[in-house]
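Just so you know, these numbers use all the heavy atoms, side chains as well, and skip hydrogens, waters and symmetry mates.
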Amino acid sequence: MKIIYTDSLVVGAGLAGLRVAIASKERGLDTIVLSLIPAKRSHSVAAQGGMQASLANTVKGMGDNEDVHFQDTVKGSDWGCDQQVARMFTHCAPKAVRELAHWGVPWSRVSQGDREVIVNAQKVTLTEAKEAHGLINARDFGGTQKWRTCYTADGTGHSLLYAVDNRAISMGIPVHERMEALKIIHDGKRCHGVIARCLITGEIRAYVAKSTTIATGGYGRIYEVSTNAIICEGIGQALALETGVATLGNMEAVQFHPTAIVPVGILTTEGCRGDGGVLRDKDGHRFMPDYEPDKKELASRDVVSRRMTEHIRKGKGVDSPYGPHLWLDITLLGKKHIDTNLREVKEICQHFLGIDPVTEWIPVRPTQHYSMGGIRTKANGESPQLSGLFSVGEAACWDMHGFNRLGGNSLAEAVVGGMIIGQYVADFCQQATLTIDTKLIEHFGRQIDSEITELIEGGGTEKTMTIKQEMLKIMMDYVGIFRNGTQLEQAVNELSELLKRSRNIGLTCKKRHANPELVDALRVKRMLKVALTVASGAHARTESRGAHSREDYPERNDRDWLNRTLSAWPDENALVPTLSYEPIDVLSMELPPGYRGYGTNNAIAHPDTVIRQQQIEQILAELDNPSDRVARQAAIMPYELPDDFMPANQRLFDNVDVKGDPAK
């Protein structure tokens, strides 16, 4: 077995992984990236709508800053996020957007003067300030108080990934394509790299490194219908889980996007609604104001998805051969706007539906979209249990999203998280030494070789695709938008049985090299373990929080459930994960739990909430200058960042008397 040594190893070549690799290379470290596919095909490329950062350039973003972005993120998470991480993120987001502009991202820009937009289904004229002309623009997105989602039409992920990958190429960072990591090399305390298999030749290699960063994206493809790329199967999370040491966090927190097209499940960006599109039922009625009169179509994603599902359950869905759906109407935006800012949506509608969204409504239905859960990390991106193992982006539970992610905070987390955690990875590599017994490497290499041999020669009778299809259906039917104890228990039992059956998989194709059947067989057992962490966590959590909605426990229960679910895999023979819980400390919060702003306020309060509110009032009363928002924030909840990222962000209205009119 070939052994390759490096300083910083990154598994995954999307935005988050590449950004960590760039940070390592900038510090002079030897860096290698492993990827299933060419970097520019990573799932980051599919993101459409934009990236949140409080630049406050557009007139509808005036008054925005880190505080407002932080509040939106915490409320969006349903108070499930790590507030220190949310602070780190919102502080660095403007810096990341501007850095990307220097790297070549062609951000859509503000044009001075009047422009027509659609707000609440009505044409409104905005007057952009002369001083803002040429600065980075922003659009409205769900769950936000200000327009802060920076964009490049509706191809933002494409623009960002190409720019970041080009930056990595210019720095000479090697990406080993068609390599799939299958095992983490570790001694129970320290991670030393991974065992990977070449998808073309079948060669097994060991990559040994001072630091190993998992950046493999989410686990959406454990569901039958998902907006995720087919490579987003949760293998990165499974690698950590199978160590028996590292834990996964909040795996039951799975987001469904409101507007995936029916039947194929391809995403139409939240930018459609942010730019003024509306949702209609079978009668053509715009129904979201009936449920959420304030935010309407721009409530948080979890809320909109639930309201759509409720409306379909009332018989208001449009019947189709693929089940009932609702309509997304962007015709009111006009041809020019759609051709300019939503051109990718238009192409998707033309190619996959045969319709023109300029004149026709788009059939949509909520579909699995994002994974808030992932490899549990500290604020520096490192696993608390396994030194040297880092994770970033959707693969991680860093945990800035809690139980629901705001639209636009995903691309932002990938880039900002990669930027911040990349510095901590580089610090670790510069301080750490690499000492490893090659027998340990050979031990994990033999495990993978034996697993492959057993699949090819073991005479198993189970078929990979049969087991996989059953798993997908179980997850879609029983662990979806609305959940209940009976179905979740059934999901855990049936998934456990599938995991047992997966140990008797046999292959028709006996080749060890390019063999898709072998690839699927290696993955499906790992996907089942990930699916079990989702179903088990959802079954155990007897409350509703963010995207986790229990019909039998509709209240958000801060008193008993203000914590993170931690999943571990006890041993190779286990059929279910072990669950433990990490408390979220109310007494250290900057923003104590409160009403999120949607529906009925049915939260069961945590006893420390009132105490923390009183503490914050006392802290502010003792400040010399309580009107200084930076000093106020630092006094309530200090946080740490690498020194380069600590300086304050600058905004146009900080130094210029901007003349603009938000609506006339």
message: Is the distance from the ring center of Phe444 to that of His186 below 6.0 Å?
response: yes
Nearest non-hydrogen partners of Asn563 and Pro583, listed with the distance: CB-CA, 4.0 Å
- prompt: Do side-chain atoms of Glu517 reach the backbone of Thr508 as a donor and acceptor pair under 3.5 angstrom?
  reply: yes
message: Less than 4.5 Å apart, side chain to side chain, heavy atoms only: is that true for Ile505 and Lys463?
response: no
message: Is it true that Ser567 and Arg376 share a donor-acceptor pair across their side chains at a distance under 3.5 Å?
response: no
- prompt: Hey, is the main chain of Asp187 close enough, under 3.5 Å, to the side chain of Arg190 for a donor-acceptor pair?
  reply: no
- line: Taken to the nearest 0.5 Å, the spacing of Met471 CE from Thr466 OG1 works out to 12.5 Å
- prompt: How long is the gap from CG on Leu566 to CG on Leu248, to the nearest 0.5 Å?
  reply: 9.0 Å
- request: Would you kindly check if the NZ (Lys) or CZ (Arg) of Lys95 is within the cone defined by 45 degrees around the ring axis of Phe645 and under 6.0 Å from the six-membered ring centre?
  value: no
message: Donor-acceptor pair, distance only, cut-off 3.5 Å: does the side chain of Glu394 make one with the backbone of Ser371?
response: yes
message: Is it the case that the side chain of Asn250 and the backbone of Ala253 share a donor-acceptor pair, with hydrogens and angles ignored and the cut-off at 3.5 Å?
response: no
- request: Enter the distance from Ile421:CD1 to Ser211:OG here, rounded to the nearest 0.5 Å.
  value: 12.0 Å
field: Among Arg545, Arg564, Arg541, salt bridge (charged side-chain N to carboxylate O under 4.0 Å, His left out) partner for Glu252
entry: Arg541
message: Under a 4.0 Å threshold between the charged nitrogen and the carboxylate oxygen, would Lys525 count as salt-bridged to Glu242?
response: no
message: Please give me the minimum heavy-atom distance between Leu389 and Ala246, naming the atom from each residue.
response: CD2-CB, 4.1 Å
task: Please indicate whether Asp571 has more than 12 foreign heavy atoms, meaning atoms of other residues, nucleotides or ligands, lying under 6.0 Å from its CG.
output: yes
Polar side-chain atom of Asp165 near backbone of Leu161 as donor-acceptor pair, under 3.5 Å: no
Between Gln447 and Glu451: side-chain donor-acceptor atoms closer than 3.5 Å: no
- prompt: Between Glu224 and Lys473, is there a salt bridge with N-O shorter than 4.0 Å?
  reply: no
- prompt: Between the side chains of Tyr207 and Arg205, is a donor N or O closer than 3.5 angstrom to an acceptor N or O?
  reply: yes
message: I need the minimum non-hydrogen distance between Tyr424 and Pro642, along with the two atoms involved.
response: OH-CD, 3.4 Å
task: Specify the closest pair of heavy atoms between Thr216 and Gly236, including all atoms of both residues, with the distance to one decimal.
output: OG1-CA, 3.1 Å
message: Quick check against the 3.5 Å criterion: does Ser387 have a side-chain atom that pairs as donor or acceptor with the backbone of Lys189?
response: no
- prompt: What do the steps show when you test Glu180 against Arg197 for salt bridge (charged side-chain N to carboxylate O under 4.0 Å, His left out), and what is the final call?
  reply: CA-CA 5 Å; Glu180 179 165 28; Arg197 175 180 176 271; 5.5 Å; no
Residue that, paired with Glu590, satisfies side chain to side chain donor-acceptor pair (under 3.5 Å) out of Gln84, Arg87, Gln83: Arg87
- request: With rounding to the nearest 0.5 Å, note down the distance linking OG in Ser536 to CG in Leu579.
  value: 6.0 Å
message: Can you confirm whether Met527 sits close enough to Leu532 that some side-chain heavy atom of one is under 4.5 Å from a side-chain heavy atom of the other?
response: no
message: Would you say the rings of Phe256 and Tyr223 are close, in the sense that their centroids are separated by under 6.0 Å?
response: yes
message: Donor-acceptor check, side chain of Ser24 to backbone of Thr31, threshold 3.5 angstrom: yes or no?
response: no
field: Pair Thr247-Gln385, side chain to side chain donor-acceptor pair (under 3.5 Å): steps then yes or no
entry: CA-CA 7 Å; Thr247 57; Gln385 297 89 13; 3.1 Å; yes
message: Distance check, rounded to the nearest 0.5 Å: Glu413 atom CD versus Asp399 atom CG?
response: 9.0 Å
- request: Mark yes or no for whether Asn515, through its side chain, and Cys509, through its backbone, hold a donor-acceptor pair below 3.5 Å.
  value: yes
- prompt: Would you call Glu457-Lys510 a salt bridge at under 4.0 Å N-O?
  reply: no
- prompt: When you check the side-chain N and O atoms of Thr461 and Asn504, is any donor under 3.5 Å from an acceptor?
  reply: yes
message: Given 3.5 Å as the limit, does a donor-acceptor pair link the side chain of His513 with the main chain of Cys198, or not?
response: no
Worked verdict on Tyr581 versus Trp561 for ring pair (Phe, Tyr, Trp, His ring centres under 6.0 Å): CA-CA 9 Å; Tyr581 295 92; Trp561 283 104; 5.3 Å; yes
query: Going by heavy atoms in the side chains, are Met372 and Cys397 under 4.5 Å from each other?
result: no
- request: Run the salt-bridge test on Arg501 and Glu462 with the 4.0 Å N-O cut-off and return the result as yes or no.
  value: yes
task: Considering non-hydrogen atoms only, spot the tightest contact between Thr377 and Ala396 and give its length.
output: CG2-CB, 4.3 Å
Ring centroid separation Phe70 to Phe89 under 6.0 Å: no
message: Has Glu382 got a side-chain atom pairing as donor or acceptor with Gly388's backbone, closer than 3.5 angstrom?
response: yes
- prompt: Which heavy-atom pair separates Trp79 from Ile584 by the least distance, and what is that distance?
  reply: O-CD1, 4.3 Å
field: Residues Asp7, Arg27: salt bridge by 4.0 Å N-O rule
entry: no
message: With rounding to the nearest 0.5 angstrom, report the CD1 to CD1 distance, Ile474 to Ile222.
response: 11.0 Å
message: Measuring only between side-chain heavy atoms, which start at C-beta, is Asn404 closer than 4.5 Å to Asp78?
response: no
